[in-house]
**Student:** 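Below: one structure in structure tokens.
By convention in this document, chain letters (A, B, ...) are assigned in the order of the sequence lines, proteins followed by strands, and residues within each chain are numbered from 1.
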Amino acid sequence: MIITVGNTKGGVGKTTLAVNLAIARALAGREVWLIDGDRQGTAQTAISIRSDAGHTPGIACSSYSDGPTLRAQVQQQSSKYEDIVIDAGGRDSTALRAALILSDVLLVPFQPRSYDVWALNDIAALVDEARSVRDGLRAYAILNFADPGELSTDNIEAAEAVADVPQFEYLNTSIRRRKAFANAAGQGRSVLEIKPGDKKAKDELNALINILF
Amino acid sequence: MAITKPKTKPSNVDNFISGAPDAEVKPKGVKKGNKQQISLTIAPTLLIKIDALAEELGQTRAALINMAIYRAVEHGLLKE
């Protein structure tokens, strides 16, 4: 399956989530290819740190910030992998658009903040455009860096705001703002493998994976 | 093969991808090798001078015009 973690807005935790997802799938025994479609190359750097430290399983990671190249490479190589995770965006880019053409699933992380909610409309417009030239793109919005507490007003209101953007299906498995995610991703690792582990972070990631794959 | 197939138009997908703000901007018009074809109108008197100078230097008209434009772009239009 090809999944893109993308948003035209930056700072929503795309790379952190993409790295965590890719490693989690590899830990489950899948052949995984992580593609960094962001010019900043953060995912690629994280995976280099992982490989330098000798953590297994190793993750195949490539960096393509040019959309046509990304598309051509994925078309050529996709049969060799069971799961492809593409980290794309931060802005409207050829890489993000190419990813929208290739993917089975688009996962759009957003924070429970006004700016993030407003920005959903931008990525929704791109989803519309992508759907006009291809079939079968499933698009999910997921609350990332969610505030603590089951009754957080901001979380609830942000989730409700997704109803105004019919392009997305809202996934009711929020990822909370937890140090474990950022710390693990900084070492090129997933929250599923770090010790001491954060059980809540693991549960959140596993819940998301169960829905997506 | 006597029948030449028509040139395929860029697909909707290509157009969608290249519609992003960071896409490479391709200049319009005809490309010849590494160069871009432009059309230029010129004063007849200036053209006569250009041709005369080109002949003197053993260059083509196009080469001389290119050199003159290069000088203007890189070193300023007017002589310092």
**Student:** Are any side-chain N or O atoms of A/Asp92 and backbone N or O atoms of B/Pro21, one a donor and one an acceptor, separated by less than 3.5 Å?
**Tutor:**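 Here the side-chain-to-backbone pair does not exist.
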**Student:** Hey, which of A/Pro68, A/Gly67, A/Ala130 has the most heavy atom pairs under 4.5 Å with chain B?
**Tutor:**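 If we count pairs closer than 4.5 Å to chain B, A/Ala130 comes out on top.
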**Student:** Answer with side chain, backbone, both or neither: which region of A/Arg39 has an atom nearer than 4.5 Å to a non-hydrogen atom of chain B?
**Tutor:**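 Side chain only.
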**Student:** Around atom CD of A/Gln75, are there more than 12 heavy atoms of other residues, nucleotides or ligands at under 6.0 Å?
**Tutor:**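 Check passes, neighbour count above 12.
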**Student:** How close do B/Phe16 and A/Arg97 get, heavy atom to heavy atom, and via which atoms?
**Tutor:**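 Minimum heavy-atom separation between B/Phe16 and A/Arg97: O-NH1, 2.7 Å.
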**Student:** More than 12 heavy atoms of other residues, nucleotides or ligands under 6.0 Å from CD of B/Glu55: is that the case?
**Tutor:**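 No.
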**Student:** For A/Leu126, is it the side chain, the backbone, both or neither that has a heavy atom under 4.5 Å from a heavy atom of chain B?
**Tutor:**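 Its backbone and side chain both get close to chain B.
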**Student:** Is the shortest side-chain heavy-atom distance between B/Glu24 and A/Thr94 below 4.5 Å?
**Tutor:**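 Heavy-atom side-chain distance check fails, nothing below 4.5 Å.
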**Student:** Is atom CD of B/Gln36 surrounded by more than 12 heavy atoms (other residues, nucleotides or ligands) closer than 6.0 Å?
**Tutor:**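 Check passes, neighbour count above 12.
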**Student:** Just so I know, are the side chains of B/Ile17 and A/Arg71 near enough to count as touching, which here means a heavy-atom distance under 4.5 Å?
**Tutor:**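 Of all side-chain heavy-atom pairs linking A/Arg71 with B/Ile17, at least one is under 4.5 Å.
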**Student:** By a 4.5 Å heavy-atom criterion (distance strictly below it), what part of A/Ser132 contacts chain B: side chain, backbone, both, or neither?
**Tutor:**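 The answer is neither part of A/Ser132.
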**Student:** Nearest heavy-atom pair of B/Ala20 and A/Ser93: which atoms, and what distance?
**Tutor:**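 Heavy atoms of B/Ala20 and A/Ser93 come nearest at CB-C, 3.2 Å.
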